[in-house]
Each structure stands twice: as C-alpha cells, then as structure tokens.
Amino acid sequence: MSENTTRDTVILGSGCSGLTAAIYTARANLKPLVLEGHEPGGQLSITTLVENFPGWPEGIQGPELIENMKKQAVRFGTELRMAHLNSIDLTRRPFALNLGKETIHTRTLIIASGASARWLNLPSEQALIGHGVSSCATCDGFFFSGKEIAVIGGGDSAMEEALFLTRFATKVTIINRSERFRASKIMLDRAMAHKQIEFLPNTIVDEVLGVEDKDVKGLRLKNKTTGVESVLSVSAMFLGIGHEPNAKAFTGMMDLDEDGYILTRNNVFTTLNGEIIPGVFACGDIQDRRYRQAITAAGSGCMAALEVEKYLEEHGR
Ligand code: NDP
C-alpha cells in the first residue's frame, strides 16, 4: 500500500446520507469512493412519490431523487462502485476494506449503509412494492386517502403507522401474526380506542392480491389457530414489522445499541467503549432509529462529510 493509493475517504452506502456525504467530500476535493452495497440507492430507490423533500413543490419520484444525487456527486469527482464489504480492519491506519477481489485503504470512513425495512418476503408482496405495498406510512399514506388500508405488525411501529394512516384511510386493519401485541400499552390503548382501527390478531398474510393489475386489491389471510382462510379487501398494505440496521460487519468494532444500530456521539462520531474512534463516522438510518427521513439522513450525511474534512485537515492533509 502506498500513500498514493490510499484514499482520503470511502463511503459505505449510496442512499440519501451516503450521497450527501459524497457531494460534500467531493466538493472538498477528497475524491470519495462510494461503495453501493446490496441496496444501491437505499430506501428512496424503492419508494414512489416523495413529497416532503424540500425543494420539490410537486414532489419527485424516489428513484429520480437518488439518481439526481448520484449525478451531483459524480459531477464533483465521486467514484461509485458496486461492491460489498467482506470485512474491515479498524485497528490499523489507514483502514483496510476487504472487498473480496481487492483491498482498499482509506484514511477515513463514512458508514451510511442504512437500515432495511423488514418484509414478509412473499413474491406477491415484493411484486407490489411501490404499487400499494409500502414500508413507510409518512411517505405513502397520503396516496390512499378515502381507501381501506392494512398495517402488518404488532409493535410500536405498527401502532404508530396505523394511527398516522387514519388521517387518510377510512379504515385501518392491524394484522398481527401473534395473539400478543409487542407495542407499549399507551400506543396499543391509543390504537384500540380509535374508531377507524380494527385488529386481526393471530393472523398471517398468505398473499397480496392484485399482482396482475399492478395495484393492491386485497390480502389473502389465514387464522393461525383455526387455519380458516379469508380475503380482506384493501387498497394498500403497510409493513410495520421493524427494520434491520446494516451494521453487522461492525459488531465488536464499535458501540451498537441492543438492536444493532450504531451509537453515535454528536450525531456522527462512532465510539468504542464510549471512546470516539477517530476518522470513522456514521450517518443516516444506521444511526437513526427515530426520524428515518430522507432529509434527516441527508443532514447527517453532510455532518459526517464536514467532520471528515476537519479530521483530515487536523491530520495534515
Ligand atoms: P418490534 O420488534 O417491537 O415489533 C415488530 C413486530 O412485527 C412484532 O409484532 C412482530 O411479531 C412483527 N413481526 C416481525 N417479523 C414479522 C414477520 N416476518 N411477519 C409478521 N410479523 C412480524 O419493532 P418496531 O419497529 O415496532 O419497534 C422497534 C423499537 O422501536 C421498539 O423498541 C419500539 O418501542 C420503538 N418504537 C417506538 C415508537 C414510539 O415510541 N412512538 C414508534 C416506533 C418504534 P412477533 O411479536 O410475533 O415477533
């Protein structure tokens, strides 16, 4: 490894936070390398219309927004590469990123690998993502005004989504695979007290109907105890069954919370046993389980990039 081949910064993830970090570090002449990972473009690339990203009064399609960010990052000198991180060594500097066929060395690292929504993984569900199947009520609820909607899950996310969706839907049915609901009592009570919300516990979704029409028409359900099948007529299915942070590669190398999200200090500084890991920053959904919005992810991507610049400057670059 020579000084010349060592990069100033590598960004893991090409969602909203990673690309914002790329735009900033590229404009600072750091020639960032973005490794796109297993979900190029992140969660925006699987949404449809985004109406809450400032600057787009008529809204913009999620994939188009991401494509614009990519173009903007590339214009200033970002290199994008389709690659998966096999392993990483954060104990030696520069950091060594093992990508299988090659190893890349970098002085700083921005982790923006996001959190992936959990899906039921039914073929019919996957076929209808963006056509009535969604994992984001704040993003897509508005499109189902005056319609009936199903929310899957029994935790706080499902309750929150269901309560939010009552602003638009005439009826929201919460479908939980268990008899027991994981949600906190206050959230569960609030949902139960709502006249537009109904509950179907102990029920699993076998199929999302409407694949031929490219539009959700209903759900084929099965009661887990009786085995009785039924069809629920709805126009949308929202998943509220949790998210998986894509931080497994960093287990043991930095502080994670009990669900595997990276714990950061001052938004973007990573730590190990409470001590800041110099030169390693995290931004976007991988360190944010609370807001999970495109604009907040972009904001923390900007912060991580500015900290990278500051770190390199302090280390004589
Ligand atoms: P949880 O892990 O709490 O709940 C997940 C729910 O999804 C459970 O009901 C689980 O069922 C169900 N589930 C998981 N996988 C599947 C599957 N494959 N098929 C069907 N159902 C499935 O996740 P949440 O996202 O709800 O919450 C995560 C954390 O965030 C919690 O600590 C929560 O309190 C917090 N949170 C707080 C909020 C607030 O305070 N306003 C809002 C949102 C989240 P089962 O029980 O059978 O496993």
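When a ligand or atom number is given, it counts from 1 through the structure's own listing order. Remember, predicted model here, so these are calculated numbers, not experimental data.
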Counting only heavy atoms not in [X], do more than 12 sit closer than 6.0 Å to its [atom1] atom?
X: Glu198; atom1: CD; value: no
X: Lys224; atom1: NZ; value: yes
X: Glu275; atom1: CD; value: no
X: Phe168; atom1: CZ; value: yes
X: Lys217; atom1: NZ; value: yes
X: Arg75; atom1: CZ; value: no

Can you tell which part of His243 has a heavy atom less than 4.0 Å from ligand 1: side chain, backbone, both or neither? neither
So which bit of Asn121 gets within less than 4.0 Å of ligand 1, heavy atoms only: side chain, backbone, both or neither? neither
What protein heavy atom sits nearest [atom], and how far away is it?
atom: atom 9 (O) of ligand 1; answer: Gly154 N, 2.9 Å
atom: atom 34 (O) of ligand 1; answer: Asp156 OD2, 2.6 Å
atom: atom 28 (C) of ligand 1; answer: Arg289 NH2, 4.1 Å
atom: atom 41 (N) of ligand 1; answer: Glu160 OE2, 2.9 Å
atom: atom 1 (P) of ligand 1; answer: Arg182 CD, 4.1 Å
atom: atom 20 (C) of ligand 1; answer: Arg177 CD, 3.6 Å

If the cut-off is 4.0 Å to any non-hydrogen atom of [X], which atoms of ligand 1 fall inside it?
X: Gly242; answer: 25 (O)
X: Gly155; answer: 4 (O), 6 (C), 9 (O), 26 (O)
X: Ser178; answer: 45 (P), 46 (O), 47 (O)
X: Asn176; answer: 9 (O)

N or O contact, Ser157 vs ligand 1, cut-off under 3.5 Å: yes
Is it possible for you to say whether Ile204 and Val228 belong to one hydrophobic cluster, with membership spreading through side-chain heavy-atom contacts below 4.5 Å? no
Disulfide bond (SG atoms under 2.5 Å apart): which pairs involve residues 39-147, sequence neighbours left out?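 Only Cys136-Cys139 qualify under disulfide bond (SG atoms under 2.5 Å apart).
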Which atom pairs, one a donor and one an acceptor, fall under 3.5 Å between side chains of residues 18-29 and the rest of the protein, sequence neighbours left out?
{"unit_1": "Thr20", "atom_1": "OG1", "unit_2": "Cys16", "atom_2": "O", "d": "2.7"}
{"unit_1": "Thr25", "atom_1": "OG1", "unit_2": "Ala21", "atom_2": "O", "d": "2.8"}
{"unit_1": "Thr25", "atom_1": "OG1", "unit_2": "Ala22", "atom_2": "O", "d": "3.3"}

Have a look at Ile241, Leu120, Asn202 and point out the one with the heavy atom closest to atom 7 (O) of ligand 1.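 Comparing heavy atoms across Ile241, Leu120, Asn202, the nearest one to atom 7 (O) of ligand 1 lies in Ile241.
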